[in-house]
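Notes for the one structure printed next.
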Amino acid sequence: MSDSVVKNAIKEAIRELEKSDDIVITTSIENAVVNKLFEAVQKVSPNMFSTQELGGILSAINVTTSGFRLGDNDFQTHIGLTKDELNTVSKKLKLEEW
């Protein structure tokens, strides 16, 4: 999911809360609240993957479920991420390291 999709969802939720008079936001910095909330979401959401990270996850799942074994030299070629990069992604998912 791209940053802009998440930021737009946050922005729309804030607008709805403002329209219903549930909150009032006053700031001279455009998108300051949206950006702060987005940063908070990034810290806790396992769904905030880059396109490359998500592609690596999908490739790793496809390769491992097919029973195919990869050596260190071929790992990045087939998966699209190095083992260290995939370990970083697995931490976002709170999975064990590869």
Side-chain angles (χ1 to χ4, degrees):
M1 183 179 310
S2 73
D3 293 1
S4 62
V5 171
V6 176
K7 285 182 178 181
N8 284 335
I10 291 170
K11 190 181 297 185
E12 287 303 314
I14 290 171
R15 283 184 185 148
E16 288 176 21
L17 289 168
E18 285 180 315
K19 284 180 184 177
S20 64
D21 294 326
D22 290 328
I23 63 171
V24 175
I25 297 175
T26 57
T27 180
S28 60
I29 303 169
E30 188 176 347
N31 292 326
V33 174
V34 172
N35 290 335
K36 187 66 175 178
L37 291 173
F38 179 75
E39 289 171 16
V41 169
Q42 280 184 307
K43 291 178 184 176
V44 298
S45 177
N47 299 317
M48 298 299 297
F49 297 111
S50 70
T51 302
Q52 183 181 13
E53 289 172 334
L54 188 55
I57 292 168
L58 295 173
S59 294
I61 291 169
N62 289 333
V63 166
T64 56
T65 57
S66 68
F68 188 72
R69 303 257 183 227
L70 293 173
D72 288 344
N73 295 336
D74 293 327
F75 192 87
Q76 184 175 8
T77 302
H78 290 282
I79 301 300
L81 299 171
T82 65
K83 286 187 177 183
D84 286 339
E85 290 169 332
L86 193 57
N87 282 333
T88 300
V89 173
S90 72
K91 288 174 187 172
K92 287 183 180 182
L93 288 169
K94 297 181 177 27
L95 298 174
E96 294 179 22
E97 289 190 6
W98 288 82

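The structure displayed is predicted, hence computed values, not measured ones.
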Asp84-Thr82 side chain donor-acceptor pair, cut-off 3.5 Å: no
Tell me, do Glu16 and Asp22 make a side-chain contact under 4.5 Å, heavy atoms counted? no
Would you say Ile79 and Glu85 make side-chain contact, with heavy atoms under 4.5 Å? no
Rounded to the nearest 0.5 Å, the CD1 atom of Ile57 sits from the CG atom of Leu81 at a distance of 8.0 Å
Taking all non-hydrogen atoms of both residues, which atom of Ser59 and which atom of His78 are closest, and how far apart? CB-O, 3.8 Å
Run the side-chain contact (heavy atoms from CB on, under 4.5 Å) test against Leu37 and tell me which residues pass, sequence neighbours left out. Ile10, Ile14, Val33
Is the closest side-chain heavy-atom distance between Val24 and Glu18 below 4.5 Å? no
Could you tell me which residues satisfy salt bridge (Lys or Arg N to Asp or Glu O under 4.0 Å) with Glu12, sequence neighbours excluded, listed by chain and number? Arg15
Report the C-alpha distance between Lys7 and Asn31 in whole Å, list the side-chain angles of each, state the deciding distance to 0.1 Å, and finish with yes or no for side chain to side chain contact (heavy atoms under 4.5 Å, CB included). CA-CA 9 Å; Lys7 285 182 178 181; Asn31 292 326; over 6 Å; no
